[in-house]
Amino acid sequence: MSKFIARRVALGLLTLLLVSLVVFAATQALPSNAAQAILGREATPARLAALTKQLHLNESVVTQYVHWLGDVVRGNFGISAATQQPVSQLLSGRILDSAFLVLVAAVVALPLSILLGVIMAVRRDRPADHALSMTTLALAALPEFVIGIGLVLLFATNLSHVFPAVSLIPPGEHAWQVPNVVVLPAATLVLAVTPYISRIMRGSMIEVLESEYVTMARLKGLSDRTVIWRHAVPNAIVPAIQVSALQLAYMAGGIVVVEYVFSYPGIGGALVDAVGNRDVPVVQALTVIIAAVYVVVNLVADIVTILVTPRLRTAGR
């Protein structure tokens, strides 16, 4: 296990290094001057020259990348060109709010997906299976912004004004202090990712239910509940874990659309604003952070897969 984790961590760091190269190269190719963008059009030549030297913009591209990567490793993403604030300070609150939104969605979506997958598999080819399969297929075909707008029409208009249509969080507060603004964005993410996980769980569960050891468990007289939850689900859940990891990692990037629909003050809104303002340091920081989330989530999924699969856990013994 320790060797596996070390190998995956090394591959993850290599992936982040390659991502940083691509991000830096892409932003360097933009026709703009970072020093000019930070200081504005009224900057004097002296101030412009001083900031250019401070940011190492007068040095080679390789040297600039080394300085930038060193700052990123230390958690210093530079100064925002739009707000003149340190990027780390600008994004800290937004990252926490986005993390809370993803956490709430994941806590609801993962158990719900497993449960729906089990129900569809156990009631295979019955009305409940057909109804749930059609519903999840329809939800999987809908983009996130359509789901979000649909929830707004249902729960945030004159039809049924239960939750706010716009997720406004007062300055100085976080999302967990105003939980009602999180409900609709979180529900949108749940409805967006649940269909994929539940359908994978259904297919894996059907395969396990047809296996010999499940048949043997039934012949021993074990109850259906014991057979399903003690023998079938632990063996069928591995593919669902992998898909769940991909969907959770997708949330880190796909959350941009959901946050934009609900004006939720997270990293999605920050990324949209940064692209619109050509705020290169913020774009670089958010891209690296989202890539890091992908790497960490997939690493955790691989470890959990080994822990819940006895055959994999004992393979090296």
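For this chain, numbers begin at 1 and follow the sequence in order.
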> Any chain of hydrophobic side-chain contacts (each under 4.5 Å) joining Val72 to Leu21?
Replying inline: yes
> Looking at Pro185 and Val258, what are the two nearest heavy atoms and their distance?
Replying inline: O-CG1, 3.7 Å
> Any donor-acceptor pair under 3.5 Å linking the side chain of Ser98 with the backbone of Ile95?
Replying inline: no
>> Donor-acceptor pair, distance only, cut-off 3.5 Å: does the side chain of Ser20 make one with the backbone of Leu17?
In response: yes
Quiz: residues 218-225 side-chain donor-acceptor pairs under 3.5 angstrom, not counting sequence neighbours:
unit_1, atom_1, unit_2, atom_2, d
Arg218, NH1, Asp224, OD1, 3.0
Ser223, OG, Thr226, N, 3.3
Ser223, OG, Thr226, OG1, 2.9

> Side chains of Val19 and Tyr294: does their closest heavy-atom pair fall under 4.5 Å?
Replying inline: no
> Does any N or O in the side chain of Thr135 come within less than 3.5 Å of the main-chain N or O of Ala131, such that one atom is a donor and the other an acceptor?
Replying inline: yes
>> Tell me every residue that passes side chain to side chain contact (heavy atoms under 4.5 Å, CB included) with Val272, counting only those two or more places apart in sequence or in another chain.
In response: Val256, Tyr260
> Looking only at heavy atoms, what is the nearest atom pair of Arg94 and Gly266, with distance?
Replying inline: NH1-O, 2.9 Å
>> Please determine whether side chain to side chain contact (heavy atoms under 4.5 Å, CB included) holds for the pair Val282 and Leu286, giving the CA-CA distance in whole Å, both sets of side-chain angles, and the decisive distance to 0.1 Å.
In response: CA-CA 6 Å; Val282 175; Leu286 288 175; 3.9 Å; yes
> Does the pair Arg199 and Leu137 meet the rule for a side chain to side chain contact (heavy atoms under 4.5 Å, CB included), with working shown?
Replying inline: CA-CA 9 Å; Arg199 292 177 71 83; Leu137 182 61; 3.9 Å; yes
>> Donor-acceptor pair, distance only, cut-off 3.5 Å: does the side chain of Thr215 make one with the backbone of Ser211?
In response: yes
> Would you say the side chain of Leu139 lies within less than 4.5 Å of the side chain of Thr194, judging by non-hydrogen atoms?
Replying inline: no
> Given the rule in the side chain to side chain contact (heavy atoms under 4.5 Å, CB included) test, do Ile267 and Leu91 qualify, once you have shown the distances and angles that lead to the verdict?
Replying inline: CA-CA 7 Å; Ile267 61 173; Leu91 296 180; 5.5 Å; no
>> Taking the side chain as everything from C-beta on, heavy atoms only, tell me whether Phe77 gets closer than 4.5 Å to Gln284.
In response: no
> In Å, rounded to the nearest 0.5 Å, how long is the span from CG of Leu11 to CG of Leu16?
Replying inline: 11.0 Å
Distance-only criterion, 3.5 Å: show the donor-acceptor pairs between side-chain atoms of residues 163-184 and protein atoms not counting sequence neighbours.
unit_1, atom_1, unit_2, atom_2, d
Ser167, OG, Val181, O, 2.7
His174, ND1, Asp97, OD1, 3.3
Gln177, OE1, His174, N, 2.7

>> Can you list everything that forms a side chain to side chain contact (heavy atoms under 4.5 Å, CB included) with Ala140? Sequence neighbours excluded, please.
In response: Pro195, Tyr196
Anything under 3.5 Å between a donor and an acceptor, one on a side chain of residues 146-157, the other on a protein residue two or more places apart or in another chain? List them.
unit_1, atom_1, unit_2, atom_2, d
Thr157, OG1, Leu153, O, 2.7
Thr157, OG1, Leu159, N, 3.4

> Which pair of heavy atoms, one from Ala186 and one from Ala105, lies closest together, and at what distance?
Replying inline: O-CB, 3.9 Å
> How far does CD1 of Ile228 sit from CE of Met205, to the nearest 0.5 angstrom?
Replying inline: 5.5 Å
> Going by heavy atoms in the side chains, are Arg202 and Ser133 under 4.5 Å from each other?
Replying inline: yes
Donor-acceptor list for residues 110-124 side chains, cut-off 3.5 Å, not counting sequence neighbours:
unit_1, atom_1, unit_2, atom_2, d
Ser113, OG, Ala109, O, 2.6
Arg124, NH1, Glu210, OE2, 2.6

> Roughly how far, to the nearest 0.5 Å, is CG of Asp125 from CD1 of Ile206?
Replying inline: 7.5 Å
